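Input: a single structure, listed below in structure tokens.
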2 protein chains.
Amino acid sequence: MSRRNTGVTPQVVNAHACPVREVLDRVAGKWSVQILVAAAHGPIRFTELERGIEGISRRMLTLTLRNLERDGLVTRTVHPTVPPRVEYQLTPVARELHETLQRLTAWAERNRTYVAESRATYDERHAPDLVDGGGA
Amino acid sequence: MSRRNTGVTPQVVNAHACPVREVLDRVAGKWSVQILVAAAHGPIRFTELERGIEGISRRMLTLTLRNLERDGLVTRTVHPTVPPRVEYQLTPVARELHETLQRLTAWAERNRTYVAESRATYDERHAPDLVDGGGA
DNA sequence: CGGAATCCTTGTAGATACTG
DNA sequence: CAGTATCTACAAGGATTCCG
């Protein structure tokens with residue numbers, strides 16, 4: 001097979017028809033948003049991202065960055081210095097996305113306690129015997 | 001263990017700290033958004049959802065609905081009639097989310113061709129020999 | 001420094017069959 | 001009609017290692 005799994009968008013030929021799904025699939029990744037946020041302040045280096053995101057592995061950083069780059073959301077600039085220096089920067093389109101994402105964040109913050117309480121109530125009502133040694 | 005995998009939010013005790021992640025995790029599911037959209041027009045029955053969403057399995061519909069219900073985004077109303085009749089409806093909070101999601105959709109539609117072209121360009125530049133029998 | 005390749009675990013989702 | 005249970009597949013993500 002010529003195209004092995006490179007880790008870059010495995011399901012390339014999907015064409016979900018629905019643009020919503022496309023955004024979501026892109027943004028849903030565990031790290032995409034955090035990278036977008038981290039890079040929103042200006043050009044940022046690979047290592048800075050790696051240390052700033054906290055919890056991300058080298059692999060996932062590279063992978064996510066590549067997908068973002070592929071989608072035209074970040075640009076990759078290699079400075080051919082002696083210690084290689086690579087900087088990532090958001091494209092204008094990505095900045096728009098970033099703004100939209102902030103509205104989502106706002107919603108999340110407004111309703112985080114509501115959701116948390118809903119969950120607690122639900123869990124209690126549907127498995128009261130499981131939350132606390134009742135089944136043992 | 002008392003709590004087997006019921007299919008409802010397997011990684012229950014995560015507490016990502018970041019509210020953005022919470023939204024995303026919830027919305028990122030393959031079907032959540034479509035259900036939100038389908039139910040936005042008013043109360044809708046299980047079967048209506050199943051037939052309206054096209055491609056969703058009974059299982060995933062149930063699962064997603066449950067998670068949505070758990071998070072306080074949909075309400076489930078059982079009408080104790082002879083053929084069971086269950087209706088799902090968005091909560092006010094979910095309606096807000098739905099609106100926010102529409103902005104994301106707008107972004108997606110505005111930039112769908114941009115993204116598509118970016119991908120095409122990227123793929124061509126990074127694996128020209130793979131797109132067209134070059135490696136065979 | 002930045003990244004690619006490999007291996008492994010686990011969540012997410014599909015198909016199918018059974019039930020109240 | 002509206003689920004639930006089980007079994008399976010796949011792909012996202014983590015850890016580690018090697019390379020320019």
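Within every chain, numbering begins at 1; the chains are lettered A, B, ... in the order of the sequence lines, protein sequences first and strands thereafter. Remember, predicted model here, so these are calculated numbers, not experimental data.
When the nucleotides C/dG14, D/dG3, C/dA5 are ranked by their closest atom to the side chain of B/Tyr88, D/dG3 comes out on top. With distances taken from any side-chain atom of B/Thr62 to the nucleotides D/dG13, C/dA13, D/dG3, the minimum falls on D/dG3. The side chain of A/Arg45 sits closest to C/dC1 out of D/dC1, D/dT4, C/dC1. Residue B/Ser57 has its side chain nearest to C/dG14 when only C/dA4, D/dG14, C/dG14 are considered.
Residues B/Ile53 and B/Trp31 are in side-chain contact: their nearest non-hydrogen atoms beyond the backbone lie under 4.5 Å apart. Taking 4.5 Å as the limit, every side-chain heavy atom of A/Tyr88 sits out of range of all side-chain heavy atoms of A/Ile35.
Separating the CG atom of B/Leu68 from the P atom of C/dT12 is a distance of 14 Å, rounded to the nearest angstrom. Rounded to a whole Å, the CZ atom of B/Arg58 is 15 Å from the P atom of C/dT19. If you take CG of B/Asp25 and P of C/dA13, they are 11 Å apart, rounded to a whole angstrom. Between the P atom of C/dT16 and the CE atom of B/Met60 lies a distance of 16 Å, rounded to the nearest Å. Protein atom CG of A/Leu63 is 14 Å distant from nucleotide atom C1' of D/dA15, rounded to whole Å. At whole-Å resolution of the value, NZ in B/Lys30 and C1' in C/dA13 are 7 Å apart. Rounded to an integer number of Å, the gap from CD of A/Glu50 to P of C/dC1 is 9 Å. Residue B/Arg26 contributes atom CZ, which lies 16 Å from atom C1' of C/dG11 at whole-angstrom precision.
Scanning residues 72-87 of chain B for heavy-atom distances under 4.0 Å to DNA chain D yields B/Arg76, B/Pro84, B/Arg85, B/Val86.
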Donor-acceptor contacts, no H, no angles, side chain residues 100-107 of chain B, under 3.5 Å, sequence neighbours left out:
from: B/Thr100; atom 1: OG1; to: B/Glu96; atom 2: O; distance (Å): 3.1
from: B/Gln102; atom 1: NE2; to: B/His98; atom 2: ND1; distance (Å): 3.3
from: B/Thr105; atom 1: OG1; to: B/Leu101; atom 2: O; distance (Å): 2.9
from: B/Trp107; atom 1: NE1; to: A/Val93; atom 2: O; distance (Å): 3.2
from: B/Trp107; atom 1: NE1; to: B/Asn111; atom 2: OD1; distance (Å): 3.3

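To the nearest 0.5 angstrom, B/Thr75 atom OG1 is 8.0 Å from B/Glu69 atom CD.
In this structure a side-chain-to-backbone donor-acceptor pair under 3.5 Å is missing from B/Ser118 to A/Arg70.
B/Arg85 has a carboxylate O that lies under 4.0 Å from a charged side-chain N of B/Glu87, or vice versa, which qualifies the two as a salt bridge.
Scanning atom types as modelled, no donor and acceptor separated by under 3.5 angstrom connect the side chain of A/Arg59 and the base of C/dA4.
For the salt bridge (charged side-chain N to carboxylate O under 4.0 Å, His left out) test, no residue two or more places apart in sequence or in another chain qualifies with B/Arg95.
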